[in-house]
Amino acid sequence: MKFDTLALHTGVEICPHTGASSVPIFQSSTFHWESLDDTPKFDYARSGNPTRAALEHAIAALEGARHGFAFSSGMAAITGVLLTLSAGSHIIACEDVYGGTFRALTKVFTRLGIETTFVDTTDLNQIEAAIRPQTRAIYLETPSNPNLRVTDLAGAVHIARDHGLLSIVDNTFMSPCLQNPHALGADVVVHSATKFLGGHSDVVAGVATCNDDDLAEEIYLIQNGCGGVLGPQDSWLLMRGIKTLPLRIRQSQATASQIAAYLSQHSKVHNVFYPGLPTHPGAEIHQRQAQGPGAVLSFDLGSSDAVRRFVEHLHVPIFAVSLGAVETILSYPARMSHAAMPEEQRRRLGITDGLLRLSVGLEDAEDLLEDLEHALRKI
Ligand SMILES: Cc1ncc(COP(=O)(O)O)c(C=O)c1O
């Protein structure tokens with residue numbers, strides 16, 4: 001099945017008991033045992049809930065994986081996967097990793113004796129050079145947040161395979177609609193499902209997928225053992241969001257492409273980062289490994305003063321943390337997504353005080369362009 005069809009028909013969309021066209025919200029924490037010897041499929045909702053199971057089946061189907069897991073947030077999914085590593089393990093991660101993941105790796109996992117080396121993964125040699133005898137995993141985001149830097153997924157996975165390392169890809173920015181890391185050989189895919197998968201800024205959730213049965217058992221052990229599971233209401237909301245994922249992505253991406261082209265010609269804009277621009281350093285690799293440039297771009301206005309004036313005069317987007325929603329969201333990475341990153345590292349990565357990230361939603365493109373023009377004139 002093509003992706004648009006799959007987003008609607010993953011095989012779990014009809015209730016087997018009633019024929020209802022929407023998976024019911026099984027608001028139940030516990031399930032009846034018919035007899036002492038008859039362990040039911042679901043017995044306690046941390047271990048499994050039918051609504052969450054339907055979502056887990058759906059996300060596995062969309063990512064082209066055998067196993068799917070739904071967690072209470074993107075961070076719960078990411079840390080859940082990383083907790084499958086043992087004390088003493090070493091991880092190689094992209095240096096511009098999401099700020100929350102950076103915080104977990106540097107402030108939480110270090111307590112467990114799990115160390116991370118952050119490298120520029122757009123240069124595969126840097127990955128190779130960082131490998132130690134204790135290295136167990138390579139953790140990637142592409143395009144990365146917020147400068148949309150592109151890592152060659154097939155190349156990185158190849159290195160991981162050669163050295164027996166787990167490859168983990170945060171696919172939040174692309175969604176399975178545009179990029180399928182498992183098809184390129186990645187072992188684990190994680191998402192902040194709070195973003196494009198949910199799509200409506202109304203649910204915090206995370207998912208992870210994998211193909212290997214033993215690894216799936218390990219992830220399940222952490223999901224059930226540590227308990228950061230997604231509740232049935234949120235599981236249902238996520239399934240509803242997923243139904244329109246391809247349509248939302250296509251529309252938002254078309255407008256984002258227009259906006260990126262417009263901003264890159266504007267005299268008040270110093271730099272635009274968008275993998276759909278032919279001038280983007282990773283454009284060629286991105287085109288090879290993804291089905292489109294996506295709906296997120298960032299641009300630099302040169303200073304925090306310019307940002308302040310711009311934000312004060314912009315009316316249509318909401319100014320907030322997050323991305324991947326029906327409404328356009330403007331974020332200020334230095335103070336929002338990357339506030340947890342030391343200033344010196346932020347500057348080195350180009351996360352300047354003039355940088356803004358725009359996640360384009362479903363508003364009329366002309367309204368957005370007019371609003372941007374109006375605010376840029378005020379700088
Ligand atoms: C790329 C990326 N990964 C992970 C996360 C964490 O997800 P959550 O906020 O759902 O815990 C975020 C959140 O912004 C993100 O942007």
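Everything numeric in this text was worked out from a predicted model, so none of it was measured. Just so you know, ligand 1 is whichever comes first in the structure, and atom 1 is the first atom listed for that ligand. Residue indices begin at 1 and follow the sequence shown. The figures here come from the full heavy-atom set of this structure, side chains too, leaving out hydrogens, waters and symmetry mates.
- Inclusion of A193 in the set of residues having an N or O under 3.5 Å from an N or O of ligand 1 is not warranted.
- When heavy-atom distances to ligand 1 are checked against a 4.0 Å cut-off, I78 comes that close only through its side chain, counted from C-beta outward.
- Protein heavy atom nearest atom 1 (C) of ligand 1, with residue, atom name and distance: D170 OD2, 3.5 Å.
- Taking every heavy atom of A205 and a limit of under 4.0 angstrom, the matching atoms of ligand 1 come to 10 (O).
- Counted within 6.0 Å of CZ on R103, heavy atoms from surrounding residues, nucleotides or ligands total 12 or fewer; the atom is thus considered open.
- Considering backbone and side-chain atoms alike, T194 places an N or O below 3.5 Å from some N or O of ligand 1.
- Remark: minimum distance from atom 11 (O) of ligand 1 to any protein heavy atom is reached at M75 N, 2.9 Å.
- Interface of G74 with ligand 1, defined as ligand atoms under 4.0 Å from a residue heavy atom, comprises 7 (O), 8 (P), 10 (O), 11 (O).
- Between the side chains of S252 and R248, no donor-acceptor pair of N or O atoms lies under 3.5 Å.
- Residue E141 places no N or O, backbone or side chain, under 3.5 Å from any N or O of ligand 1.
- With values rounded to the nearest 0.5 angstrom, F196 atom CZ is found 8.0 Å from L178 atom CG.
- Put simply, the side chain of D212 gets close to the backbone of D214: a donor and an acceptor are under 3.5 Å apart.
- Taking 4.5 Å as the limit, every side-chain heavy atom of D187 sits out of range of all side-chain heavy atoms of C210.
- Of the protein's non-hydrogen atoms, the one nearest atom 6 (C) of ligand 1 is Y98 CE2, 3.4 Å.
- In the model, D371 has no side-chain atom that pairs as donor or acceptor with a side-chain atom of H313 under 3.5 Å.
- No part of S337 comes within 4.0 Å of ligand 1, judged by heavy-atom distances.
- At a cut-off of 3.5 Å, with distance as the only test, a side-chain donor of Q233 or Q27 sits close to an acceptor on the other residue.
- Protein heavy atom at the shortest distance from atom 13 (C) of ligand 1 is K195 NZ, 2.5 Å.
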